[in-house]
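The structure appears below as structure tokens.
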There are 2 protein chains.
Amino acid sequence: MARSKATPVASPVEQVDTRYLQTLLGYNARRAALSIIGVFLERLAVYDLRPVDFSVMSVIHHNPGVTSRQLCATLSILPPNLVGLIQSLEARGLIERQPHPTDGRAVGLHPTAKGVSLMQQAEVTAAEVEIDASSKLTPHQRQTLVQLLQKIYL
Amino acid sequence: MARSKATPVASPVEQVDTRYLQTLLGYNARRAALSIIGVFLERLAVYDLRPVDFSVMSVIHHNPGVTSRQLCATLSILPPNLVGLIQSLEARGLIERQPHPTDGRAVGLHPTAKGVSLMQQAEVTAAEVEIDASSKLTPHQRQTLVQLLQKIYL
DNA sequence: TATTGTTATACTCTATAACTATA
DNA sequence: TATAGTTATAGAGTATAACAATA
């Protein structure tokens, strides 16, 4: 049988069609998250804070005395993987470990004055990153997006 | 000086306050993406497809003859990291590598009948995952969310 | 007996350098 | 000279098992 169409079987793909993947929520959420985190990574580098360092410091900053266990539960970090993060932040003088007032097993994590100062600056930069990484969104759209995302995971 | 407030300095943190982090788009996007991907991971396990396998197979399925290089650019995968994925999918009989019609360096990736059949089923499951992972969203909200996410990364 | 924090370790994911074959 | 695909390897991120100290 002669081929009737002009397009041969093995014609090269000129432009990759990603329309199907773009219908998937998970695909879009992951791509968007990686895009924002990429900007975050660059702009917070001046503070020597990766996203995970920032989130850990942020929880300690806003919850002085929080325990490692609470941090793990809050940020979905496994306890063995938090140990190095905490040691690093303590070695940099950003946090202090103090005895827990009621539980002898636990340790309360507190920001130092240096840690508080760093986070106050870092949070300003983080707010700028928010805007820059979503510059095609209006403030109202940004707010809507946050609300919809929280309906997914909260 | 006697302490005048009822709350001691080292009072334990009862409930971790995450309100600050929850204002951040990047934090919400990452948490939501991980939540959806978690459901995806479980439900696509029956096809032995991880998210990355699914996305690679999906691009090949909808773009027969696509090259490795095009796949890498489309999915933000580095070429060395794609090699093993392609070899695995080929070993499973889901894709075939054919000579590229116009570029002797490149290889066209084509889904086999088995691969097409698998993806047709997997895409049905993926559609179900979409709904289940965002069950608190109306169809309209889900559509809005996809549109807003694409404004971030496209 | 259960939980907090920790060590050691394994596994996965991602990134870089360098090579070959072809354009 | 530049690009497609590949190899080897390094680094970062994530996971499980097991232990000491305390509840």
* To do: Among D:dA4, C:dG5, D:dT16, find the nucleotide with the atom closest to the side chain of A:Ser68.
  => C:dG5
* **5' priority, DNA chain C, between B:Ser76 and A:Gln87 [closest heavy atom]** => A:Gln87
* Taking atom P of C:dA15 as reference, at what distance in whole Å does atom CG of B:Leu75 sit? -> 14 Å
* Quick one: A:Leu82 CG to C:dT3 P, roughly how many Å, whole number? -> 19 Å
* Asked: What about B:Arg105: does its side chain form a donor-acceptor pair under 3.5 Å with the base of D:dT3?
  -> yes
* Asked: What is the distance from CG of A:Leu78 to P of C:dG5, rounded to the nearest Å?
  -> 14 Å
* Is any N or O donor-acceptor pair between the side chain of B:Asp103 and the base of D:dA4 shorter than 3.5 Å? -> no
* Asked: Hey, does the side chain of B:Asn81 reach the backbone of B:Ile77 with a donor-acceptor pair shorter than 3.5 angstrom?
  -> no
* To do: Using distance alone, with no hydrogens and no angle criterion, decide if A:Thr125 and A:Arg43 have a side-chain donor and acceptor under 3.5 Å apart.
  => no
* Quick one: B:Gln98 CD to D:dG5 P, roughly how many Å, whole number? -> 14 Å
* Would you say a side-chain N or O of A:Arg97 is under 4.0 Å from OP1 or OP2 of C:dT6? -> yes
* Would you kindly give the CG-to-C1' distance between B:Leu85 and C:dT14, to the nearest whole Å? => 12 Å
* Structure fact -> When rounded to whole Å, the CG to C1' distance for the pair B:Asn81 and D:dG13 reads 14 Å
* Asked: Between A:Leu34 (CG) and C:dC13 (C1'), how many Å, whole number?
  -> 12 Å
* Within the structure, does a side-chain N or O atom of B:Gln70 lie under 4.0 Å from either OP1 or OP2 of D:dG5? -> no
* Hydrophobic cluster membership, B:Val39 vs A:Tyr27, 4.5 Å side-chain cutoff -> yes
* **Rounded distance (Å) that lies between atom P of D:dT16 and atom CD1 of A:Ile77** => 15 Å
* Output yes when B:Arg97 and B:Glu90 qualify as a salt bridge under the 4.0 Å nitrogen-oxygen rule, no when they do not. => yes
* Asked: Does the side chain of B:Gln150 pick up a donor-acceptor pair with the side chain of A:Asn28 at under 3.5 Å?
  -> yes
* Reckon A:Val107 touches a base, only the sugar-phosphate, or nothing at all at heavy-atom distances under 4.0 Å? -> sugar-phosphate
* Hey, which of these two, A:Arg30 or A:Ala106, hits DNA chain C nearer its 5' end, going by closest nucleotide? -> A:Ala106
* Let me know, please, whether A:Thr102 or A:Val52 comes out on the 5' side of the other along DNA chain D by nearest nucleotide. => A:Val52
